[in-house]
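Within every chain, numbering begins at 1; the chains are lettered A, B, ... in the order of the sequence lines, protein sequences first and strands thereafter.
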There are 2 protein chains.
Amino acid sequence: MVDVNGIYYLGPEGSFTHEAAIILKGELKSNPTISSIFNAISKTNNSIGVVPIENSLEGPVNETLDNLYTYDDIHVIGEIERRIELVLASKSDDIRKIKKIYSHPHAFNEARERIKELGFNDYIPVESTSKAAQIASQDLEAAAICSAFAAKLYNLNIILNKLNYDNNYTRFIIISKEIRFNGDKSMVMFTVPHKPGALYKVLQVFYEYNINILMIYSRPLKSIPWQYYFYLEYEGDMSNKEFIEKLLKSTSVLKLKGSFSKIR
Amino acid sequence: MVDVNGIYYLGPEGSFTHEAAIILKGELKSNPTISSIFNAISKTNNSIGVVPIENSLEGPVNETLDNLYTYDDIHVIGEIERRIELVLASKSDDIRKIKKIYSHPHAFNEARERIKELGFNDYIPVESTSKAAQIASQDLEAAAICSAFAAKLYNLNIILNKLNYDNNYTRFIIISKEIRFNGDKSMVMFTVPHKPGALYKVLQVFYEYNINILMIYSRPLKSIPWQYYFYLEYEGDMSNKEFIEKLLKSTSVLKLKGSFSKIR
């Protein structure tokens with residue numbers, strides 16, 4: 001979609017974000033944290049990043065929202081959606097050889113029922129499902145709860161698949177210093193004056209222009225206890241200047257994070 | 001405030017929730033998870049619970065919101081607010097004897113700068129700050145990053161205080177099967193019809209009655225990807241039936257979680 005110097009993604013190799021980022025053209029660079037990706041993009045020219053923003057079961061990824069609010073020079077230029085599917089994988093293809101299971105705690109929680117049927121009630125927690133896959137690739141007695149993508153990357157055999165719920169999806173965003181005003185969706189972040197009806201008056205602007213709000217989250221402004229900023233995505237683009245001007249009037253701080261479309 | 005059989009709080013002993021719960025009259029019972037507290041209250045008569053609902057830096061406690069939405073028989077009857085203050089504590093009062101520091105990862109992140117000044121760049125992660133205090137009470141070479149409350153409970157000396165930011169507060173709620181219609185604040189949870197302007201029309205009802213919205217969060221409905229429920233707190237009580245009827249008309253599902261006041 002863009003010609004870039006590098007694509008920073010939330011690693012390690014084999015992560016769900018890595019799996020999402022491979023559909024983009026460019027050199028992929030693994031990065032350990034979401035905050036360090038925002039920092040890298042802000043400091044380099046012509047690089048982009050891929051980070052998770054929302055999971056259908058867990059809700060928003062707060063570190064991504066807070067960085068989008070903090071970095072005024074970073075915008076959203078695309079989104080990628082992926083179903084999260086967990087498998088049990090090991091170097092050996094003989095399930096009887098497995099003595100221990102490595103997993104991220106969230107992944108284990110989702111897979112618990114299926115794993116119990118195999119006679120495993122416990123696991124060894126590690127920081128990511130891709131780390132679990134890496135460990136399993138070096139130990140014949142270990143298995144990992146990870147994605148099929150990570151299993152393939154680490155040359156593991158899939159012993160069991162579909163370990164988790166059907167309705168587990170994650171949305172990833174592509175971030176850049178560029179801003180776009182055309183796309184299927186747009187993102188804005190704002191604070192409202194501290195008085196009754198303030199949020200209502202912002203939503204009124206959307207209603208007036210018949211614009212569909214896709215989601216709204218509030219997050220604490222860390223500088224002042226119990227004060228919030230809002231994160232909002234809506235259907236349509238940002239090309240209507242009159243609408244943006246009305247939004248500006250009804251908010252205290254308004255940050256246009258750009259228009260974007262889903263990349264398939 | 002109420003005569004109860006038992007007060008379930010999010011433990012272990014020495015937790016921030018424990019510290020909040022001690023102002024209530026009744027037998028305190030430590031419980032390992034938020035979900036198990038909701039379950040216990042739903043199944044017993046005349047018991048109440050204390051759980052964290054929101055932190056001024058981290059935002060809402062999702063497990064609490066999701067359980068409030070799930071358990072129709074459980075309501076909110078009070079709230080307690082506490083400043084979160086971290087100290088460095090150990091059995092010995094000689095800082096030179098300390099070889100290792102135990103902490104919860106969040107607490108260490110906040111205390112990192114002050115701890116660095118002591119020459120410590122690393123720590124041993126444990127599941128809670130009270131667990132850290134318990135370990136430090138059994139090892140003369142260990143110190144814990146924990147609350148002054150936990151330090152006192154485990155007979156530790158406070159070596160350094162004010163390790164963290166000033167603006168770190170947590171709100172705890174008191175939950176019960178009883179519902180109240182009088183108090184300073186009220187809580188409702190709802191879903192809206194899937195069409196443009198749906199949330200706007202709910203907020204319009206608040207605006208019409210000149211009611212101040214204190215906070216609004218959206219959370220994923222786990223049953224359907226990218227569908228949400230809203231959690232909303234507002235100033236004032238629930239005694240106006242006309243207002244509640246209008247809310248009912250503008251929402252798809254409406255759950256009245258009750259009116260409550262701050263307990264000091």
Side-chain angles (χ1 to χ4, degrees), chain A residues 54-60 62-63 65-66 81 83-84 105 109-110 125 127 165-171 192 194-236, chain B residues 35 54-60 62-63 65-66 81 83-84 105 110 125 127 165-171 192 194-236:
Chain A
E54 194 186 19
N55 175 271
S56 59
L57 297 176
E58 299 297 329
N62 294 333
E63 193 178 347
L65 299 194
D66 289 350
E81 188 177 315
R83 213 188 126 204
I84 302 298
N109 271 344
E110 279 207 55
E127 64 264 36
Y165 310 123
D166 274 351
N167 54 1
N168 189 343
Y169 291 84
T170 296
R171 295 196 309 127
V192 297
H194 202 53
K195 57 188 179 192
L199 178 61
Y200 162 75
K201 281 177 181 164
V202 179
L203 299 195
Q204 195 169 39
V205 180
F206 288 89
Y207 187 70
E208 241 178 72
Y209 286 84
N210 202 24
I211 291 171
N212 194 14
I213 294 172
L214 296 167
M215 78 193 51
I216 180 166
Y217 279 119
S218 54
R219 286 283 305 148
L221 275 175
K222 304 194 176 191
S223 46
I224 316 158
W226 318 132
Q227 301 279 305
Y228 305 85
Y229 73 81
F230 293 92
Y231 155 85
L232 189 151
E233 284 183 40
Y234 62 89
E235 233 169 65
Chain B
S35 297
E54 194 187 19
N55 175 271
S56 59
L57 296 176
E58 299 296 330
N62 295 334
E63 193 177 346
L65 299 194
D66 289 351
E81 188 178 315
R83 212 186 128 207
I84 302 299
E110 280 207 54
E127 64 265 36
Y165 310 124
D166 275 350
N167 53 1
N168 189 344
Y169 292 84
T170 296
R171 295 198 308 127
V192 296
H194 202 52
K195 56 189 181 192
L199 178 61
Y200 162 75
K201 281 176 183 167
V202 179
L203 300 194
Q204 194 168 39
V205 179
F206 289 88
Y207 187 69
E208 241 178 72
Y209 286 83
N210 203 24
I211 291 172
N212 195 14
I213 293 173
L214 296 167
M215 79 192 52
I216 179 167
Y217 280 119
S218 54
R219 287 282 306 148
L221 276 176
K222 303 194 177 192
S223 46
I224 317 157
W226 317 133
Q227 301 279 305
Y228 305 85
Y229 73 81
F230 293 93
Y231 155 86
L232 189 151
E233 283 183 39
Y234 63 88
E235 234 169 64

Side chain, backbone, both or neither: which part of A:Glu54 has a heavy atom under 4.5 Å from chain B? both
Honestly, the part of A:Glu81 sitting under 4.5 Å from a heavy atom of chain B is side chain
Contact part of B:Glu63 toward chain A, heavy-atom cut-off under 4.5 Å: side chain, backbone, both or neither? neither
In short, A:Lys195 meets B:Asn212 closest at the heavy-atom pair C-OD1, 4.3 Å
Under 4.5 Å to a heavy atom of chain B? For A:Tyr217 that would be both
Do B:Tyr200 and A:Tyr200 make a side-chain contact, defined as non-hydrogen atoms from C-beta onward lying under 4.5 Å apart? yes
For the student: nearest non-hydrogen atoms of A:Arg219 and B:Glu58, plus distance: NH1-O, 3.0 Å
Are the side chains of A:Ser56 and B:Trp226 in contact, using a 4.5 Å heavy-atom criterion? yes
One should read off an interatomic distance between A:Lys201 NZ and B:Leu203 CG, to the nearest 0.5 angstrom, of 12.5 Å
If every non-hydrogen atom of A:Phe230 is compared with every non-hydrogen atom of B:Ile216, which pair is closest and at what distance? CE2-CG2, 3.7 Å
Using a 4.5 angstrom heavy-atom cutoff, name the option from A:Tyr228, A:Tyr169, A:Phe206 with the most pairs to chain B. A:Tyr228
Quick one: CG on A:Asn167 to CG on B:Leu221, what's the gap to the nearest 0.5 Å? 10.5 Å
With a 4.5 angstrom heavy-atom cut-off, which part of B:Glu235 approaches chain A: side chain, backbone, both or neither? neither
Which heavy atom of A:Pro220 sits nearest to which heavy atom of B:Asn55, and what is that distance? CG-O, 4.3 Å
Just verifying a value: how many Å separate B:Ser223 OG and A:Tyr165 OH, rounded to the nearest 0.5 Å? 12.5 Å
Does some side-chain heavy atom of B:Leu199 sit less than 4.5 Å from a side-chain heavy atom of A:Ile213? no
Greatest number of non-hydrogen atom pairs under 4.5 angstrom with chain A, of B:Gly59, B:Ala198, B:Gly197, B:Ser218, falls to B:Ser218
